[in-house]
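Data first, discussion second: the structure below is written as structure tokens.
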Amino acid sequence: MEKEMIIVLDFGGQYNQLIARRVRECNVYCEVHPYSMELEKIKEMNPKGIIFTGGPNSVYADGAPRCGKEIFELGIPILGICYGSQLMSYVLGGSVKTAPVSEYGKTEVEVNKDSVLFSDVCEKTICWMSHTDYIERAPEGFQVTAHTPVCPVAAMENAEKQLYAVQFHPEVMHTQEGMKMLSNFVYQVCHCKGDWRMESFVENTIRQIREKVGKGKVLCALSGGVDSSVAAVLLSKAVGKQLTCVFVDHGLLRKNEGDEVEAVFGPEGPYDLNFIRVNAQERFYGKLAGVEEPERKRKIIGEEFIRVFEEEAKKIGSVDFLVQGTIYPDVIESGLGKSAVIKSHHNVGGLPDYVDFKEIIEPLRLLFKDEVRRAGLELGIPEHLVYRQPFPGPGLGIRIIGEVTAEKVRIVQDADAIYREEIARAGLDKGLGQYFAALTNMRSVGVMGDERTYDYAIALRAVNTADFMTAEASQLPWEVLGVVASRIVNEVKGVNRVLFDCTGKPPATVEFE
């Protein structure tokens, strides 16, 4: 069954992915494409509606991204947002100029509740504005449906032609009733049914994989992270023992994490697949000996991972398909030309150059991260894996300042386990973006049992963030920090001091190296 779809055409807006996510939250499938997408391709995709994103340009400037009048004559409902609204006005004969007063941030907008777009929306509602240009005059045939004291056309529509435009951003959380507006467009204007359901995605994907693979052999690099775990389970459900998962334990995982991954995917686990665990801890420690510079550590860990995986792949022999955990944000970034390379942890650092295979399978390439997690739950993957804390590819190698040794790994593993245990016990784990313990390269004098010590300091990190582009240091209760510090100093040999990192991002990063 062909799924109904909304297309987002990107004009350089920073919220292109967010618009698509909001539409999917309405249970309608949505894809992001460049504004230059050919009309014939749009017709072939047969979308129920089109959304124009915002963008940083002035629509009347030379070289500004534009589309022609033809797209408005397809008979497909269109919603223009911010730059997209100005573009609609400009192309269809309205007037767009530099605004006498720019609007930024939360703004009270007065809307016409007779508009289908503002059905069930308060007459005065708070919206997120971000513009220096404005629509001075709407095109012929359009009705103004919202305004502010300084923005005469905060929204407009030609209901007969199913063309709608808003100067503000309904997709961001600061627009208090933005989801109602998007839902009104999706359901009342585009007449979508809402058939994008995770259970349907899982069923259809398993069927499609089974048809594609046939009797072929499949190889997957399994890290234990949510993306690779969900991809592996999808393949397992589809082709069973035709799938081999290689789990490279580089000795830089969190405490007991390697055993937890093996318990889920190994011979005693619930999934029908071939599981190979490579215990390469000493090999990685040897390569990292004496290396202190963070970027060198990252490269050594990444390159050695590829070498180990390559060796195991050669033992297996020729395979037909290689599985990658690529997710939709990577596809958007690479497909729209904003990023030349998909993130290294998704294409496993260049494995296609080393492994003999015929084709790549990317079963999650249509999903955002939150959708991957929902798919994982639908597949019955344990919650502790589905909601696993973000963890960098180089692992604890970048949470140990300076040289990495087996002893230092033990210290940070034990300290981190205590920290995570106490955060969970206090009921704080679900509310934090990320939290972990890191080992500094600072040693200091302490006193324990009437004896002088000269040991390491552990740094605790906890941040709140929506997107990891920026982050604020979390204000954890002092009593919780006190318990954590006391336990670490008493239970982790080699540590006599515990620090808490109060720095946001920027100027710091979330990770330490």
Side-chain angles (χ1 to χ4, degrees), residues 2-37 41-42 44-56 65 67 71 76-85 87 117 128 130 164-166 168-175 178-187 189-198 200-201 204-205 227 325-339 342-343 346 362-375 466-469:
E2 191 172 322
K3 55 182 175 288
E4 58 186 9
M5 176 190 306
I6 300 287
I7 290 177
V8 173
L9 293 184
D10 180 45
F11 289 87
Q14 60 179 315
Y15 301 129
N16 58 5
Q17 293 185 33
L18 186 54
I19 296 170
R21 287 186 62 182
R22 293 291 182 250
V23 173
R24 291 193 186 186
E25 286 172 19
C26 297
N27 295 318
V28 175
Y29 181 67
C30 186
E31 289 186 357
V32 182
H33 292 278
Y35 74 92
S36 56
M37 188 179 192
K41 179 64 175 175
I42 293 175
E44 287 175 19
M45 298 183 75
N46 191 29
K48 301 282 284 186
I50 299 171
I51 299 177
F52 292 172
T53 73
C67 58
I71 195 169
I76 301 171
I78 297 176
L79 171 64
I81 294 175
C82 196
Y83 178 89
S85 70
L87 176 71
L117 201 64
W128 185 260
S130 179
Y164 296 81
V166 293
F168 50 84
H169 289 274
E171 71 274 22
V172 303
M173 63 180 180
H174 307 297
T175 297
M179 275 301 295
K180 286 183 185 177
M181 301 172 196
L182 289 173
S183 179
N184 287 338
F185 176 72
V186 166
Y187 284 105
V189 177
C190 301
H191 303 293
C192 292
K193 298 186 295 291
D195 60 4
W196 175 244
R197 306 280 179 180
M198 193 48 60
S200 300
F201 169 83
N204 291 335
T205 301
D227 298 341
T326 309
I327 63 176
Y328 196 49
D330 303 314
V331 176
I332 293 174
E333 289 164 11
S334 58
L336 298 184
K338 293 183 178 179
S339 176
I342 294 174
K343 299 173 186 176
H346 283 126
E362 298 172 312
L364 309 178
R365 65 180 285 110
L366 297 180
L367 302 187
F368 288 103
K369 191 73 166 186
D370 56 325
E371 293 174 320
V372 174
R373 296 188 194 279
R374 293 213 309 273
D467 54 14
F468 289 90
M469 300 300 292

Fill in: Side chain Asn27, main chain Gly194, donor-acceptor under 3.5 Å
no
Worksheet item: So, Thr205 side chain and Pro363 main chain: donor-acceptor pair closer than 3.5 Å or not?
Response: no
Response to the item:
When every non-hydrogen atom of Glu371 is compared with those of Met198, the smallest separation belongs to O-CE, 3.5 Å
Worksheet item: Given side chains that start at C-beta, do those of Val23 and Val186 come closer than 4.5 Å, heavy atoms only?
Response: yes
Item to complete: For residues Ile42 and Met37, determine if any side-chain heavy atom of one lies less than 4.5 Å from a side-chain heavy atom of the other.
Response: yes
Practice prompt. Evaluate the side-chain proximity of Leu9 to Ile71: yes if any heavy-atom separation is below 4.5 Å, no if none is.
Written response: yes
Worksheet item: Hey, what do you get for CD (Glu171) to SG (Cys82), rounding to the nearest 0.5 Å?
Response: 8.5 Å
Practice prompt. Without swapping roles, check the side chain of Asp10 against the backbone of Gly13 for a donor-acceptor pair under 3.5 Å.
Written response: yes
Discussion item. Do Tyr15 and Gln17 pair up side chain to side chain, a donor and an acceptor below 3.5 Å, judged on atom types alone?
Written reply: no
Worksheet item: Is Pro47 close to Ile6 at the side-chain level, that is, under 4.5 Å between some pair of heavy atoms?
Response: no
Fill in: Any side-chain heavy-atom pair of Ile81 and Thr53 under 4.5 Å
no
Item to complete: Can you sort out the partners of Tyr187 under side-chain hydrogen bond (donor to acceptor under 3.5 Å, both in side chains), two or more places apart, ordered by chain and number?
Response: none
Response to the item:
Rounding to 0.5 Å, atoms CG (Leu182) and CG (Asn184) come to a distance of 9.0 Å
Discussion item. Quick check: closest heavy atoms across Val189 and Pro77, and the distance to 0.1 Å?
Written reply: CG1-CB, 3.7 Å
Discussion item. Just by distance, no angles: are the side chains of Glu25 and Trp196 close enough, under 3.5 Å, to form a donor-acceptor pair?
Written reply: no
Discussion item. Suppose we screen for side-chain hydrogen bond (donor to acceptor under 3.5 Å, both in side chains). Which residues come up paired with Arg374, at least two apart in sequence or across chains?
Written reply: none
Item to complete: Show the numbers, then the answer: is there a side-chain contact (heavy atoms from CB on, under 4.5 Å) between Met179 and Cys26?
Response: CA-CA 9 Å; Met179 275 301 295; Cys26 297; 3.8 Å; yes
Item to complete: Indicate the atoms forming the closest heavy-atom contact of Lys193 with Glu4, along with that distance.
Response: N-OE2, 2.8 Å
Discussion item. Nearest 0.5 angstrom please: Ile50 CD1 to Phe185 CZ, how far?
Written reply: 8.5 Å
Worksheet item: So how far is it from His169 NE2 to Ser85 OG, rounded to the nearest 0.5 Å?
Response: 9.0 Å
Discussion item. Ignoring hydrogens, what is the shortest heavy-atom contact between Pro56 and Gly12? Give both atom names and the distance.
Written reply: CD-O, 3.5 Å
Worksheet item: Phe11 and Phe52: aromatic ring centres closer than 6.0 Å?
Response: yes
Practice prompt. Taking the side chain as every heavy atom from C-beta outward, state whether His174 and Phe168 have any pair of such atoms under 4.5 Å apart.
Written response: no
Practice prompt. Would you mind reporting whether Leu18 and Val172 have side-chain heavy atoms less than 4.5 Å apart?
Written response: yes
Worksheet item: Is Tyr83 reaching over with its side chain to a backbone N or O of Pro65, donor-acceptor style, under 3.5 angstrom?
Response: yes
Discussion item. Within this structure, what is the SG-OH distance for the pair Cys190 and Tyr164, rounded to the nearest 0.5 Å?
Written reply: 9.0 Å
Worksheet item: Yes or no on side-chain contact (heavy atoms from CB on, under 4.5 Å) for Ile76 and Asn46, after CA distance, side-chain angles and deciding distance?
Response: CA-CA 9 Å; Ile76 301 171; Asn46 191 29; over 6 Å; no
Worksheet entry | side-chain contact (heavy atoms from CB on, under 4.5 Å) between Asp195 and Tyr29, worked out | CA-CA 8 Å; Asp195 60 4; Tyr29 181 67; 5.8 Å; no
Item to complete: Using modelled atom types only, decide if a donor and an acceptor are shared between the side chain of Glu31 and the backbone of Val8 within a distance under 3.5 Å.
Response: no
Worksheet entry | Non-hydrogen atoms of Arg24 and Leu367 that approach each other most closely | NH1-CA, 3.8 Å
Fill in: Rounded distance (nearest 0.5 Å) linking atom CZ of Phe201 with atom CG of Leu364
6.0 Å
Worksheet item: After noting the C-alpha distance and the side-chain angles of Ile327 and Leu366, does the key distance pass the side-chain contact (heavy atoms from CB on, under 4.5 Å) rule?
Response: CA-CA 6 Å; Ile327 63 176; Leu366 297 180; over 6 Å; no
